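Just so you know, these numbers come straight off a predicted model, no measurement behind them.
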Amino acid sequence: MERLFQVAIDGPAAAGKSTVAKIAAKTLGYIYIDTGAMYRSLTYKALKTETDLNDGHLLKQLLDHTEIDLVQEGDGQKVFVDHEDVTERIRYPEVSAHVSLVSSFEEVRVEMVSRQRKMAESCSVVMDGRDIGTHVLPNAQVKIFLIASVDERAIRRFREEERKGLQPSLESLKEAIALRDKKDMEREVSPLVKAEDAIALDTTSLSIDEVVEKILQLVKEKQLS
Ligand code: CDP
Ligand code: CDP
């Protein structure tokens, strides 16, 4: 049987993880798994059902009754919660503002990680998130920790929202990103931290193509070794 290959991409908000992970997965013919979309999906459902976001046990019970599907479609990925297409809705500011709280509970994380590992059992994957290299796929052959300055990351989100026809505030985007990073780095369970064996890549002044190129190069080197 062909050896399965795992690429783990972690890093703070808006560092470019999903954009480059998607392209790298397509080029390599691997499955792309956006773990952030899974935590966002649970947050979306918890807000919709008015579940107490401070109660990890209730959130875990809710998750047990929630089907989350990541479906590859063309160059993108659609996200379904109980068969409802939530691809756009899970990116709304209200979800972004609460997702770090929802994802801080151990019970929630244990179930999410179990689902994520199952997805990677039978195929080669590029998986992105916060704890992929440290916890979800500790044996991944390639681990990358993407970073970029908070100013650059806020500008990237700003441009993204402008492209959607919105009128974002750069200052509030920057504040929201910094606050979410802080919560993700300071939580007790699987905080956002670079795995010891991950390669840090500062993308502040790199284009998407340049980052993808570097990742593909690292994969190639590992495959040949
Ligand atoms: O795309 P963006 O960087 O804004 O965030 P995301 O990858 O969609 O992740 C949203 C949130 O989910 C993060 O801020 C974390 O709180 C949580 N998350 C996590 O705890 N562990 C992961 N493996 C992925 C996301
Ligand atoms: O997944 P994550 O939150 O880390 O970031 P993303 O959603 O993939 O990327 C955020 C934005 O930055 C997107 O609009 C990308 O097109 C852009 N980007 C960029 O301008 N330059 C890069 N090297 C990587 C991403």
Side-chain angles (χ1 to χ4, degrees), residues 3-43 63 68-72 76-77 79 90-91 96 99-100 102-148 153 177 180-203 208 211-212 214-219 221-223:
R3 189 172 69 129
L4 294 181
F5 205 91
Q6 297 176 335
V7 181
I9 304 183
D10 292 298
K17 300 180 297 297
S18 58
T19 305
V20 298
K22 232 177 272 173
I23 303 171
K26 190 163 187 242
T27 311
L28 293 162
Y30 297 176
I31 300 294
Y32 165 57
I33 301 172
D34 177 355
T35 63
M38 298 172 71
Y39 290 98
R40 285 175 178 275
S41 292
L42 176 62
T43 307
L63 179 57
I68 300 171
D69 294 302
L70 307 178
V71 180
Q72 319 277 329
Q77 184 168 76
V79 184
I90 59 167
R91 308 279 157 203
S96 297
V99 63
S100 290
V102 169
S103 58
S104 66
F105 297 101
E106 183 159 25
E107 276 183 275
V108 167
R109 300 198 71 84
V110 167
E111 170 61 18
M112 287 294 194
V113 170
S114 152
R115 293 187 190 192
Q116 290 154 8
R117 287 184 180 148
K118 223 168 262 159
M119 289 179 194
E121 250 169 24
S122 54
C123 45
S124 294
V125 294
V126 179
M127 192 182 282
D128 83 334
R130 302 292 187 288
D131 58 344
I132 312 306
T134 51
H135 186 61
V136 184
L137 304 176
N139 299 319
Q141 291 91 337
V142 172
K143 296 183 185 180
I144 290 149
F145 196 77
L146 281 190
I147 50 171
R153 290 187 282 128
I177 285 175
R180 193 143 57 85
D181 286 350
K182 183 170 152 50
K183 286 185 188 157
D184 290 343
M185 286 187 288
E186 289 181 354
R187 71 169 171 236
E188 282 178 27
V189 195
S190 301
L192 167 65
V193 63
K194 179 182 145 337
E196 270 181 27
D197 53 350
I199 291 167
L201 207 55
D202 187 341
T203 75
I208 293 169
V211 181
V212 171
K214 281 189 192 282
I215 293 173
L216 294 177
Q217 187 60 38
L218 288 167
V219 171
E221 282 167 18
K222 271 285 166 184
Q223 284 173 335

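Separating the CZ atom in Arg40 from the CD1 atom in Ile68 is a distance of 13.0 Å, to the nearest 0.5 Å. The distance from the OG atom of Ser96 to the CZ atom of Arg180 is 5.0 Å, given to the nearest 0.5 Å. Between the CE atom of Met38 and the CD atom of Gln116 there is a distance of 4.5 Å, given to the nearest 0.5 Å. To the nearest 0.5 Å, the span separating CD on Gln141 from CG on Leu218 amounts to 13.0 Å. Distance check, rounded to the nearest 0.5 Å: NZ of Lys182 to CG of Leu192 gives 13.5 Å. In this structure, the separation between CG on Leu63 and CZ on Arg109 is 12.0 Å, given to the nearest 0.5 Å.
Contact annotation: the side chain of Gln72 never approaches that of Lys22 to less than 4.5 Å [non-hydrogen atoms, C-beta and beyond]. For the pair Val136/Thr35, no side-chain contact is recorded, criterion being any heavy-atom separation below 4.5 Å from C-beta on. Contact annotation: the side chain of Met112 approaches that of Leu42 to within less than 4.5 Å [non-hydrogen atoms, C-beta and beyond]. You'll find the side chain of Ile147 reaches within 4.5 Å of the side chain of Pro12, heavy atoms only. Side-chain contact between Tyr32 and Leu70: absent, with no pair of heavy atoms (C-beta onward) separated by less than 4.5 Å. Between Val212 and Ile215 there is no side-chain heavy-atom pair separated by less than 4.5 Å. Using a 4.5 Å heavy-atom threshold, the side chains of Ser124 and Leu28 count as separate. The shortest distance between side-chain heavy atoms of Met127 and Gln6 does not fall below 4.5 Å.
Heavy atoms only, all atoms of each residue included: Cys123 and Ile31 are closest at SG-CG1, 3.7 Å. In terms of heavy-atom proximity, Lys143 sits nearest to Pro138 at NZ-O, 2.8 Å. Here the closest heavy-atom approach between residue Ala8 and residue Ile132 is recorded as CB-CG2, 3.5 Å. Ala14 and Ile177 get closest at one heavy-atom pair: CB-CD1, 4.2 Å. Here the closest heavy-atom approach between residue Ala120 and residue Leu4 is recorded as O-CD1, 4.2 Å. Considering every non-hydrogen atom in both Met119 and Ile33, the closest pair reads CB-CD1, 3.5 Å.
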Test log, rule side chain to side chain contact (heavy atoms under 4.5 Å, CB included), inputs Arg117 and His135: CA-CA 10 Å; Arg117 287 184 180 148; His135 186 61; 4.1 Å; yes

Arg130 vs Tyr39, side chain to side chain contact (heavy atoms under 4.5 Å, CB included): CA-CA, chis, key distance, verdict: CA-CA 11 Å; Arg130 302 292 187 288; Tyr39 290 98; over 6 Å; no

Audit row: Thr19, Val211, side chain to side chain contact (heavy atoms under 4.5 Å, CB included) steps and yes/no: CA-CA 10 Å; Thr19 305; Val211 181; over 6 Å; no

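Proximity of a side-chain donor or acceptor of Ser41 to a complementary backbone N or O of Ala37 within less than 3.5 Å is detected. Without hydrogens or angle criteria, Arg187 side chain to Ser190 main chain gives a donor-acceptor distance under 3.5 Å. Checking side-chain atoms of Lys17 against main-chain N and O of Gly11 turns up a donor-acceptor pair under 3.5 Å. At least one donor-acceptor pair closer than 3.5 Å links the side chain of Arg153 to the backbone N or O of Ala148. Asp10 places no side-chain N or O within donor-acceptor distance of the main-chain N or O of Phe145, the cut-off being under 3.5 Å.
Remark: Glu196 CD is loosely packed, at most 12 non-hydrogen atoms of other residues, nucleotides or ligands lying under 6.0 Å away. Around the CD atom of Glu106, the shell of radius 6.0 Å holds no more than 12 heavy atoms that belong to other residues, nucleotides or ligands. Summarising the local packing, CD of Gln217 is surrounded by more than 12 heavy atoms from other residues, nucleotides or ligands at distances under 6.0 Å. Atom NZ of Lys214 sits in a sparse spot, with 12 or fewer heavy atoms from other residues, nucleotides or ligands closer than 6.0 Å.
Asp184 and Ser100 share a side-chain donor-acceptor pair at under 3.5 Å.
At a threshold of 4.0 Å, the pair Asp34-Arg91 counts as salt-bridged, since one of the basic side-chain nitrogens sits closer than that to a carboxylate oxygen.
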